[in-house]
J.: 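Mind looking over this structure? Questions follow.
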Amino acid sequence: MALTNFKGKVAIVYSSVTGNTEELVRMVASCLQSRSMSTDLFQVEDFLRANMDDYDGLVIGTYTWGNGEIPVEMKPVYQEIERQHVRELATGVVGTGDSFYPSFCGAVDEFRDMLYVHTSLVATLKVELQPQFKDYEKCEKLAELMIEKIQSRTYSTV
């Protein structure tokens, strides 16, 4: 087996108003790092200057606005992924929300549907309000799945 095109890096882009989504993406980053994967954490306004070709994977962290909508500041990320040819990019989307609302973490669902079409979607994770210790296990599973997907596409038989 020969390793091809492996960078060992995952970009994590997020937007957070209450701090809950930021806490969640930091948990995901920690889980990836504990498995020897390098992570770059971007607030949404900094991400559009990044080059997705520099990464093996991308995790999007978003809160949900209004009635299940993607926050306005996250829409350029959504549109940029739609425009680029990143079919092989391993992706995940995580988010926090309040199940009181009819469309719990609706922005996660919107990103999921788009990522499924345009990338190699690995997993989604929705968390009720502030992440709890039990959510760390879910972040670990997401990290495992991301790494498995990245490794499965970066190894080839020679």
Side-chain angles (χ1 to χ4, degrees), residues 1-64 70-71 73-97 105 107-127 130-156:
M1 307 269 304
L3 185 61
T4 60
N5 217 12
F6 182 71
K7 300 162 200 81
K9 290 176 70 173
V10 174
I12 301 174
V13 58
Y14 72 95
S15 183
S16 185
V17 172
T18 62
N20 292 343
T21 303
E22 180 177 4
E23 186 176 343
L24 179 59
V25 297
R26 289 189 182 280
M27 288 170 75
V28 170
S30 173
C31 292
L32 287 163
Q33 292 163 355
S34 73
R35 290 164 174 77
S36 301
M37 189 66 65
S38 174
T39 60
D40 289 339
L41 201 59
F42 296 95
Q43 290 185 352
V44 66
E45 59 271 9
D46 298 326
F47 179 71
L48 294 177
R49 293 186 292 269
N51 183 353
M52 281 193 265
D53 290 337
D54 293 340
Y55 298 94
D56 297 306
L58 171 67
V59 176
I60 295 169
T62 185
Y63 64 95
T64 297
I70 294 173
E73 69 271 17
M74 292 297 287
K75 288 184 180 181
V77 172
Y78 184 100
Q79 294 163 345
E80 186 63 23
I81 294 168
E82 279 186 314
R83 276 193 294 271
Q84 292 199 21
H85 300 286
V86 290
R87 185 70 187 132
E88 294 301 313
L89 185 67
T91 58
V93 59
V94 301
T96 57
C105 290
V108 170
D109 295 337
E110 286 193 44
F111 266 106
R112 176 203 61 214
D113 295 347
M114 181 274 295
L115 292 171
Y116 179 78
V117 171
H118 295 283
T119 71
S120 183
L121 179 65
V122 175
T124 62
L125 172 59
K126 296 179 180 182
V127 171
Q130 184 176 11
Q132 305 295 314
F133 181 75
K134 65 181 172 145
D135 296 313
Y136 194 81
E137 290 178 15
K138 295 174 186 174
C139 292
E140 287 180 326
K141 184 64 177 172
L142 185 142
E144 285 175 25
L145 292 170
M146 287 287 294
I147 292 169
E148 285 175 15
K149 176 59 93 174
I150 289 166
Q151 290 177 338
S152 74
R153 71 171 175 76
T154 57
Y155 282 94
S156 60

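Being a predicted model, the structure only gives us computed values, none of them experimental.
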J.: Tell me, please, which residues at least two apart from R87 pass salt bridge (charged side-chain N to carboxylate O under 4.0 Å, His left out).
T.: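 Partners of R87 by the salt bridge (charged side-chain N to carboxylate O under 4.0 Å, His left out) criterion come out as none, since no residue qualifies.
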J.: What pairs with K75 under salt bridge (charged side-chain N to carboxylate O under 4.0 Å, His left out), at least two apart in sequence or on another chain?
T.: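 Result, salt bridge (charged side-chain N to carboxylate O under 4.0 Å, His left out) vs K75: none returned.
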J.: Let's go through V127 and N20 carefully: what are the C-alpha distance in whole Å and the side-chain angles of both, what is the deciding distance for side-chain contact (heavy atoms from CB on, under 4.5 Å) to 0.1 Å, and is it a yes or a no?
T.: CA-CA 9 Å; V127 171; N20 292 343; over 6 Å; no
J.: Could you grab the distance from atom CD of Q43 to atom CD of E45, nearest 0.5 Å is fine?
T.: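 Q43 atom CD to E45 atom CD measures 5.0 Å (nearest 0.5 Å).
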J.: Rounded at 0.5 Å granularity, tell me how far SG in C31 sits from CD in E137.
T.: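 The CD atom of E137 is 10.0 Å from SG of C31, to the nearest 0.5 Å.
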J.: Give the C-alpha distance, both sets of side-chain angles, the deciding distance and a yes or no for side-chain contact (heavy atoms from CB on, under 4.5 Å) between E110 and R112.
T.: CA-CA 5 Å; E110 286 193 44; R112 176 203 61 214; over 6 Å; no
J.: Find the distance between CD (Q151) and CE (M146) and round it off to the nearest 0.5 Å.
T.: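 It comes to 12.0 Å.
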J.: Suppose we screen for side chain to side chain contact (heavy atoms under 4.5 Å, CB included). Which residues come up paired with A11, at least two apart in sequence or across chains?
T.: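 Side chain to side chain contact (heavy atoms under 4.5 Å, CB included) list for A11, sorted by chain: F42, F47, Y55, L58.
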J.: Could you tell me whether K126 and D109 make a salt bridge, using a distance below 4.0 angstrom between a side-chain N and a carboxylate O?
T.: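 Yes, charged N to carboxylate O under 4.0 Å.
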J.: Output all residues satisfying side chain to side chain contact (heavy atoms under 4.5 Å, CB included) with E80, sequence neighbours left out; order by chain, then residue number.
T.: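 L48, M52, R83, Q84.
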J.: Going by side chain to side chain donor-acceptor pair (under 3.5 Å), name the residues that satisfy it together with E73, two or more places apart in sequence or in a different chain.
T.: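 Once residues adjacent in sequence are excluded, the partners of E73 under the side chain to side chain donor-acceptor pair (under 3.5 Å) criterion are S15, Y63.
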J.: Would you check if V25 and L41 make a side-chain contact, meaning some heavy-atom pair closer than 4.5 Å?
T.: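 Yes, at least one pair of side-chain atoms sits under 4.5 Å.
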J.: Please list, chain by chain and in numerical order, all residues satisfying salt bridge (charged side-chain N to carboxylate O under 4.0 Å, His left out) with E140, sequence neighbours excluded.
T.: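 Testing E140 for salt bridge (charged side-chain N to carboxylate O under 4.0 Å, His left out), a comparison that skips the adjacent residues, returns none.
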J.: Quick one: list whatever passes side chain to side chain donor-acceptor pair (under 3.5 Å) with E22, sequence neighbours left out.
T.: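 E22 satisfies side chain to side chain donor-acceptor pair (under 3.5 Å) with Y14, R26 once adjacent residues are dropped.
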J.: Apply side chain to side chain contact (heavy atoms under 4.5 Å, CB included) to Q33 and list each qualifying residue two or more places apart in sequence or on a separate chain.
T.: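 Residues passing side chain to side chain contact (heavy atoms under 4.5 Å, CB included) with Q33: A29, T39.
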J.: Under 3.5 Å, which donor-acceptor pairs do the side chains of residues 113-123 form with other protein atoms, sequence neighbours left out?
T.:
{"unit_1": "T119", "atom_1": "OG1", "unit_2": "T91", "atom_2": "OG1", "d": "2.6"}
{"unit_1": "T119", "atom_1": "OG1", "unit_2": "L115", "atom_2": "O", "d": "2.7"}

J.: Inspect the contact between K9 and D40 and indicate whether a charged nitrogen and a carboxylate oxygen are less than 4.0 angstrom apart.
T.: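 Between K9 and D40 there is a salt bridge, with a charged N closer than 4.0 Å to a carboxylate O.
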J.: Got a sec, which residues hit salt bridge (charged side-chain N to carboxylate O under 4.0 Å, His left out) with D135, two or more places apart in sequence or on another chain?
T.: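 Listed in chain order: K138.
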J.: Let me confirm one number: the CG-CG distance from D54 to N51, rounded to the nearest 0.5 Å.
T.: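 Atom-to-atom, D54:CG and N51:CG are 4.5 Å apart.
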J.: Is a side-chain N or O of D56 found less than 3.5 angstrom from the main chain of V10, in a donor-acceptor match?
T.: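 Absent.
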J.: Do T124 and V94 touch side chain to side chain, with heavy atoms closer than 4.5 Å?
T.: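 Counting from C-beta outward, T124 and V94 never come under 4.5 Å.
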J.: Looking at OG of S16 and CG of L24, how far apart are the two atoms once the value is rounded to the nearest 0.5 Å?
T.: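 Between atom OG of S16 and atom CG of L24 there are 9.0 Å.
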J.: Identify the two heavy atoms, one from E23 and one from P131, that lie closest to each other, and give their separation to 0.1 Å.
T.: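 Shortest heavy-atom contact: OE2-O, 3.7 Å.
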J.: Partners of E82 by side chain to side chain donor-acceptor pair (under 3.5 Å), sequence neighbours excluded?
T.: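 By the side chain to side chain donor-acceptor pair (under 3.5 Å) rule, E82 matches no residue at all.
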J.: Taking atom CG of L125 and atom CE of M27, what is their separation to the nearest 0.5 Å?
T.: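 Here the interatomic distance stands at 8.5 Å.
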J.: Can you sort out the partners of T62 under side chain to side chain donor-acceptor pair (under 3.5 Å), two or more places apart, ordered by chain and number?
T.: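 In terms of side chain to side chain donor-acceptor pair (under 3.5 Å), with neighbours along the sequence ignored, T62 is linked to no residue.
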J.: With heavy-atom distances below 4.5 Å as the criterion, would you say the side chains of Y136 and S30 are in contact?
T.: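 Y136 reaches S30 side chain to side chain.
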